[in-house]
Every structure is written in C-alpha cells, then in structure tokens.
**Student:** 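Sharing a structure here in structure tokens format.
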Amino acid sequence: MYQRSFKLVCQNCSWYVILRRNGGMISMFLNNFNSCPKCKCEDLVTLKPSIKETINPLEQFKKFYYLIAKNRK
C-alpha cells in the first residue's frame with residue numbers, strides 16, 4: 001500500500017515533522033529537510049507516523065513553521 005505520510009525524526013534531539021507526499025515536484029522541494037532545524041544535525045530517520053499524527057492538522061502547521069523559519073535565515 002502506498003504511504004502518503006511519513007515522519008522525519010532527528011536522532012540527536014528527537015525533533016520530528018510529519019510530511020505528506022502529494023506526488024508533485026513542488027512538494028518534493030517544499031518538503032526538503034536536509035538537517036534538523038533545532039540542532040542542525042543531519043542524522044534524520046524516516047519513520048511511519050501514527051494514525052493520530054497523520055490526521056492531526058497541527059502537524060502541518062508545525063511543518064510550515066519550520067519551513068518559514070528555515071527560509072528566513
């Protein structure tokens with residue numbers, strides 16, 4: 001089964017973000033996290049999110065917050 005959501009977790013500080021695959025090239029560039037925004041560690045692991053994390057709309061706001069903060073620097 002094709003999984004639309006995945007969870008990026010930092011191995012250093014346990015920061016995480018839930019990302020959704022939309023199938024387009026734009027979403028691939030928008031969802032680009034090469035390092036953790038909190039500790040700048042590049043050791044990110046991809047995991048399967050829980051059902052609660054997948055349907056929680058606050059997780060998407062969290063993602064946009066980190067993307068905006070990353071682009072402001």
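Please read these numbers as outputs of a predicted model, since none were measured by experiment.
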**Student:** May I ask you to test the Ser35-Cys41 pair for a side-chain heavy-atom distance under 4.5 Å?
**Tutor:** no
**Student:** Can you name the residues that form a side chain to side chain contact (heavy atoms under 4.5 Å, CB included) with Gln11, not counting sequence neighbours?
**Tutor:** Asp43, Val45
**Student:** Do Leu8 and Leu19 have side-chain heavy atoms sitting under 4.5 Å apart?
**Tutor:** yes
**Student:** A side-chain contact here means heavy atoms from C-beta on lying under 4.5 Å apart; do Pro37 and Trp15 qualify?
**Tutor:** yes
**Student:** Which atom names give the shortest non-hydrogen contact between Cys13 and Cys10, and what distance separates them?
**Tutor:** N-SG, 3.6 Å
**Student:** Hydrophobic cluster mates of Leu58, side-chain heavy atoms under 4.5 angstrom, ILVMFWY only, any path?
**Tutor:** Phe61
**Student:** Roughly how far apart are Asn12 CG and Glu42 CD, rounded to 0.5 Å?
**Tutor:** 12.0 Å
**Student:** Can you see which heavy atom on Leu47 is nearest to which on Val9, and at what distance?
**Tutor:** CD1-CG2, 3.7 Å
**Student:** Sequence neighbours left out, what passes salt bridge (charged side-chain N to carboxylate O under 4.0 Å, His left out) with Glu53? Give chain and number order.
**Tutor:** Lys7
